[in-house]
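Reminder, nothing fancy here: chain letters follow the sequence lines and each chain counts from 1.
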Number of protein chains: 2
Amino acid sequence: MFPSRKNVTVADVAALAGVSAGTVSKALNGRGELRQATRDKVLAAAAELGFQPNLLARGLLSGRTYLVGVLTTDSIGRFTIPLLTGAEDALGAGQMSMLLCESRGDPIREQHYLRVLLARRVDGIIVTGRSSDMRPSLGQGFPVPVVYALVQSDDERDLSILHDDENGAELAVRHLLATGRRRIAHITGPLRHVATQHRLAGTLSALSEAGVSMVGGAPLTGEWSEAWGREAALRLVRSGEQFDGVFGASDQIARGVTDGLRESGIDVPRQVGVVGVDNWDVIVEASRPPLTTVDLQLSELGHIAATRLLSAIEGVDIGSGIERVPCRLVVRQSTATD
Amino acid sequence: MFPSRKNVTVADVAALAGVSAGTVSKALNGRGELRQATRDKVLAAAAELGFQPNLLARGLLSGRTYLVGVLTTDSIGRFTIPLLTGAEDALGAGQMSMLLCESRGDPIREQHYLRVLLARRVDGIIVTGRSSDMRPSLGQGFPVPVVYALVQSDDERDLSILHDDENGAELAVRHLLATGRRRIAHITGPLRHVATQHRLAGTLSALSEAGVSMVGGAPLTGEWSEAWGREAALRLVRSGEQFDGVFGASDQIARGVTDGLRESGIDVPRQVGVVGVDNWDVIVEASRPPLTTVDLQLSELGHIAATRLLSAIEGVDIGSGIERVPCRLVVRQSTATD
DNA sequence: CTGATTTGCGGAAACGTTTCCGAAACTGTA
DNA sequence: TACAGTTTCGGAAACGTTTCCGCAAATCAG
């Protein structure tokens with residue numbers, strides 16, 4: 001299948017075809033003025049030898065490596081995976097490969113990796129990581145373009161592709177409203193997280209659109225865990241406050257809420273509808289009932305980031321600042337109406 | 001920090017230092033006979049210009065790229081991530097970078113990626129993916145070494161690094177026995193999976209070591225889901241059979257078991273101890289109580305695979321067949337004894 | 001002070017590809 | 001047959017680095 005003889009070069013092909021090295025190059029790349037017969041002869045020889053052009057040599061000459069570096073600040077995780085997949089889709093079409101560097105939040109490692117990527121003459125760099133808040137910019141004046149995906153650079157001159165948490169919250173709350181619920185609570189993570197604030201803003205905006213107010217007047221803030229979701233649900237029940245909808249700011253919280261409600265004898269979705277965020281399969285499907293949730297479209301996000309990077313590599317000005325990718329609501333049984 | 005002037009070459013450094021290109025190379029790489037003064041002069045010039053040797057050019061000449069290709073058959077997932085991290089640890093020490101290719105189970109894509117990796121003249125290839133069963137070998141006679149990690153090649157001439165499911169099951173069951181349980185049930189996934197069979201074998205071996213037999217005489221087989229774990233637990237309870245320990249062949253199953261038992265009024269761990277497999281944080285920690293589980297040591301596995309690959313690249317014979325990495329038991333409350 | 005030996009460095013070739021320029025061969029016309 | 005114009009291809013240079021060989025200068029012994 002793949003010939004074991006190593007390092008077939010353009011000279012070998014040339015020798016077999018009885019032409020010069022330059023001619024081989026032209027024939028294989030469809031450039032230059034060649035007779036069809038010559039072209040065929042070269043193609044045949046190349047096929048016979050299983051010739052694969054050495055991309056190092058090509059890159060050295062052309063100044064393009066068709067490599068992009070992916071620098072992930074945090075360890076690769078559930079958020080970065082779909083992003084990588086989306087990026088690979090976009091890059092694959094451009095025949096580019098991804099060089100993966102995981103700096104694990106260590107600035108020293110990050111500097112090291114950055115140096116390596118530049119030494120390898122990557123065509124561009126995608127910076128990603130855990131989506132919390134901002135991260136320091138790599139700086140300006142790089143020899144190659146840089147795009148931030150999922151993480152936001154603290155320098156406005158950089159381009160950051162982010163998901164739209166506010167939009168996602170609006171989708172969730174509007175859906176609860178559209179399924180006839182009016183008394184909606186919001187259970188969420190630590191307020192210091194930017195995501196928490198955006199989701200709160202979206203929740204409030206969707207509620208005020210409909211002219212209703214949030215149950216309890218404020219969100220219940222805690223951790224991004226099932227345990228907190230359960231506890232918050234129990235608190236809500238014990239508070240005696242009436243409610244028929246809960247927007248949990250993560251799938252883990254929302255699943256905890258469904259557990260807490262069920263164990264309090266409250267039926268989801270008949271008495272209370274629940275919506276989460278993340279569309280994290282293992283949580284969403286194991287939840288009872290399966291969760292309606294907001295998909296952050298991370299794969300799309302990766303796709304866009306890679307596409308922008310490709311444009312920048314081609315010399316197009318891709319601007320700067322923040323580009324937000326809208327979310328998508330995925331409806332399941334936790335908000336079903338009969 | 002990183003100079004924006006692009007492409008500082010060895011010639012630029014040579015000009016600034018007032019020496020020749022060859023001398024620069026020798027000075028920077030510590031080779032050749034040079035006066036200390038000259039060496040210092042070159043170092044200073046290189047630092048001033050922010051010189052980074054072009055790894056393409058170096059690779060072209062030396063025949064080594066310090067790149068390894070990572071070919072993952074399945075999409076990157078929860079199993080492959082720790083593996084990648086472990087591999088990167090081992091490779092990073094050798095100053096190598098990872099080229100990531102995700103073929104998503106599509107043989108066409110896989111062939112394509114393989115071709116690209118070879119065209120880029122990677123020093124070696126790690127093949128990984130979802131851990132189920134075997135996968136077809138890439139074939140023999142490659143110009144670079146290949147190591148399979150987490151997936152097993154169907155050709156014995158290849159080297160496959162695998163986790164040891166049988167060992168993991170033994171650890172789990174021995175722990176249940178060591179905490180005083182004698183009537184142990186096994187709830188697991190589809191029997192056709194190799195992992196299922198290995199875990200069953202380990203379970204039986206540990207049980208027979210202790211001279212006890214499996215509750216029900218056979219495992220309960222179903223899916224790798226929480227729902228199945230719950231249902232199986234209910235079946236066990238309804239069967240009237242006495243049991244005080246359950247080994248669930250995945251964390252999802254085990255968590256389902258704890259839910260099923262709790263909802264049947266059975267206390268975990270006081271009446272029944274439960275052990276899972278995977279050490280999947282989000283499942284294990286959200287479980288009530290948190291799960292004792294078997295860690296598959298995937299990061300270690302990746303580390304070993306990369307180390308073997310490095311050896312092979314250095315020309316060392318790394319053998320073939322299967323190398324199994326032992327598991328590690330992580331004890332939490334689901335098997336606690338007062 | 002001369003000749004032999006060592007030390008230090010420059011020059012050129014090489015890796016494999018692409019591109020540019022020019023030369024040869026071929027075609028057509030007078 | 002001679003000449004201009006085209007077509008087709010070969011040769012050489014270039015990308016940036018490393019290595020090898022050899023030459024010049026410096027050192028040493030006598």
Residue set satisfying salt bridge (Lys or Arg N to Asp or Glu O under 4.0 Å) with Arg104(A), at least two apart, ordered chain then number -> Glu102(A), Glu88(B), Asp89(B)

Between CG of Asn29(B) and P of dC20(D) the distance, given in whole Å, is 13 Å

Span of DNA chain C engaged by chain A, first through last nucleotide within the 4.0 Å heavy-atom cut-off, is dG16(C) to dC20(C)

Applying side-chain contact (heavy atoms from CB on, under 4.5 Å) to Arg64(A) and not counting sequence neighbours gives Ser62(A), Tyr66(A), Met96(A), Asp123(A), Ile313(A), Glu314(A)

Side chains of Leu99(B) and Leu67(A): closer than 4.5 Å at any heavy-atom pair? yes

Heavy-atom closest pair (Ala90(A) atom, His303(A) atom, distance to 0.1 Å) is CB-O, 3.7 Å

Return yes if some donor-acceptor pair links the side-chain N/O of Thr65(A) with the main-chain N/O of Arg121(A) below 3.5 Å, else return no. yes

In short, Ala149(A) meets Ile126(A) closest at the heavy-atom pair CB-CG2, 4.3 Å

Correct closest heavy-atom pair for Leu56(A) and Asn54(A) would be N-OD1, 2.7 Å

The correct set of residues in residues 16-26 of chain B placing a heavy atom under 4.0 Å from DNA chain C is Gly18(B), Val19(B), Ser20(B), Thr23(B), Lys26(B)

Residues in residues 55-68 of chain B with a heavy atom under 4.0 Å of DNA chain D, by number, are Ala57(B), Arg58(B), Leu61(B)

Separation between CG (Leu84(A)) and OG1 (Thr128(A)), nearest 0.5 Å, reads 7.0 Å

Distance-only donor-acceptor pairs under 3.5 Å for side chains of residues 27-34 of chain A, two or more places apart:
unit_1: Asn29(A); atom_1: ND2; unit_2: Ser25(A); atom_2: O; d: 2.8
unit_1: Asn29(A); atom_1: ND2; unit_2: Ser25(A); atom_2: OG; d: 3.4

Sequence neighbours excluded, the answer for side-chain contact (heavy atoms from CB on, under 4.5 Å) partners of Glu110(A) is Leu71(A), Thr73(A), Ser103(A), Arg135(A), Leu138(A)

Contacts of Asp164(B) meeting salt bridge (Lys or Arg N to Asp or Glu O under 4.0 Å) (sequence neighbours excluded), chain-then-number -> none

Applying side chain to side chain donor-acceptor pair (under 3.5 Å) to Ser153(B) and not counting sequence neighbours gives Asp158(B)

Rounded to 10°, the helix from dC1(C)-dG30(D) to dA30(C)-dT1(D) deviates from straight, judged by its five-pair end axes, by 60°

Residues of residues 35-47 of chain A with a heavy atom under 4.0 Å from any atom of DNA chain C, listed by number, are none

So the side-chain hydrogen bond (donor to acceptor under 3.5 Å, both in side chains) pairs with at least one residue in residues 90-101 of chain B (sequence neighbours excluded) are Arg120(A)-Ser97(B)

So CG of Asp154(A) and CD of Glu156(A): to nearest 0.5 Å the spacing works out to 10.0 Å

Nearest heavy-atom approach of Val127(B) to Val151(B) is O-CG2, 3.7 Å

